[in-house]
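What follows is a set of notes on a single structure, which appears directly below.
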Amino acid sequence: EPMESEYNGQICEETFEVLMRGGTFGPPGNMPKALQGQDIEFSFESPLHDVIEAQKGQKWLETKVMIADAMALEPSARHVVDITKALRDALNGLRVPAAWQRSEIEVEELSQADADAAKAQQALQSLETASKAAGNLGIGGEALSGMGQAEATI
């Protein structure tokens, strides 16, 4: 990777500067206004870089297996890898289109909505369990309120 930016990138920049000075791209006044006077920097990605990025998908699959195996021995192993970041990096390495991916903010909002729904479901289950327990004891709503009054007077 250092070779890409430090060597190949600099060769591209030097070549561009020489070509600009030689008028290869026409008169400087004909350049698009947005580029006039701008410092243009080149980045270079070799085919090797593409292969390394594509391997992130395979690394993700291997990581999932390792985490699952480790969790069988130690449940807290699930916290070692930031799953969201790892998945996003693997998707980018596989060149999954950005339009297919939700933004980090959208993911956070959806995660919060899931957590809120889980809390509401848990509260509903707790009320249902209490209601069934009261029903099994033969205690109606009137008896329950009477018990509360009796406890208060004791």
Side-chain angles (χ1 to χ4, degrees), residues 1-16 31-154:
E1 201 167 305
M3 185 177 167
E4 290 177 2
S5 61
E6 294 173 10
Y7 179 74
N8 294 332
Q10 288 180 2
I11 288 175
C12 288
E13 287 184 36
E14 286 295 319
T15 302
F16 179 77
M31 282 185 71
K33 299 258 188 254
L35 295 177
Q36 290 181 10
Q38 297 295 316
D39 183 28
I40 298 172
E41 291 185 30
F42 287 89
S43 64
F44 180 84
E45 291 184 5
S46 69
L48 178 60
H49 180 269
D50 293 341
V51 170
I52 291 169
E53 286 296 306
Q55 287 179 343
K56 288 181 179 179
Q58 183 62 38
K59 288 189 183 298
W60 165 249
L61 296 175
E62 292 170 7
T63 300
K64 285 184 358 182
V65 171
M66 290 178 71
I67 291 172
D69 288 349
M71 284 177 56
L73 300 172
E74 176 57 52
S76 67
R78 66 190 173 103
H79 300 295
V80 172
V81 174
D82 185 330
I83 301 297
T84 305
K85 285 182 182 178
L87 176 58
R88 190 174 296 278
D89 200 29
L91 293 173
N92 290 336
L94 294 172
R95 299 193 187 273
V96 171
W100 294 3
Q101 299 179 50
R102 290 191 170 104
S103 72
E104 290 181 24
I105 293 170
E106 288 175 305
V107 171
E108 181 62 34
E109 289 171 352
L110 290 169
S111 295
Q112 186 60 50
D114 288 346
D116 292 345
K119 285 180 185 176
Q121 182 65 30
Q122 186 177 17
L124 193 61
Q125 286 175 342
S126 295
L127 287 173
E128 186 177 317
T129 302
S131 174
K132 285 180 182 178
N136 289 340
L137 293 173
I139 301 172
E142 296 168 6
L144 283 174
S145 62
M147 284 178 60
Q149 291 173 357
E151 290 175 10
T153 57
I154 295 179

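Hydrogens, waters and symmetry mates are skipped; everything else that's a heavy atom, side chains included, is used.
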For Val81 and Ala86 the tightest heavy-atom approach is CG1-CB, 3.9 Å
At what distance, to the nearest 0.5 angstrom, does CE of Met71 lie from NE2 of His79?
8.0 Å
Within 6.0 Å of CD in Glu62, more than 12 heavy atoms from elsewhere
yes
Spacing of CD belonging to Glu14 relative to CD1 belonging to Ile11, to within rounding of 0.5 Å
9.5 Å
Are more than 12 heavy atoms from other residues, nucleotides or ligands located less than 6.0 Å from atom CD1 of Ile105?
no
By salt bridge (charged side-chain N to carboxylate O under 4.0 Å, His left out) - contacts of Glu74 (at least two apart)
none
Considering residues, nucleotides and ligands other than Gln122, do more than 12 of their heavy atoms fall under 6.0 Å from its CD?
no
Applying side chain to side chain donor-acceptor pair (under 3.5 Å) to Gln101 and not counting sequence neighbours gives Asn92
Distance, nearest 0.5 Å, that separates CD of Gln121 from OG of Ser126
10.0 Å
Asp89 bridged to Lys59 by N-O distance under 4.0 Å:
no
Less than 4.5 Å apart, any side-chain heavy atom of Val107 and any of Arg88?
yes
Which pair of non-hydrogen atoms, one from Lys56 and one from Gly93, has the smallest distance, and what is that distance?
CD-CA, 4.3 Å
Rounded to the nearest 0.5 Å, how far does CG of Asp114 lie from CD of Glu109?
12.0 Å
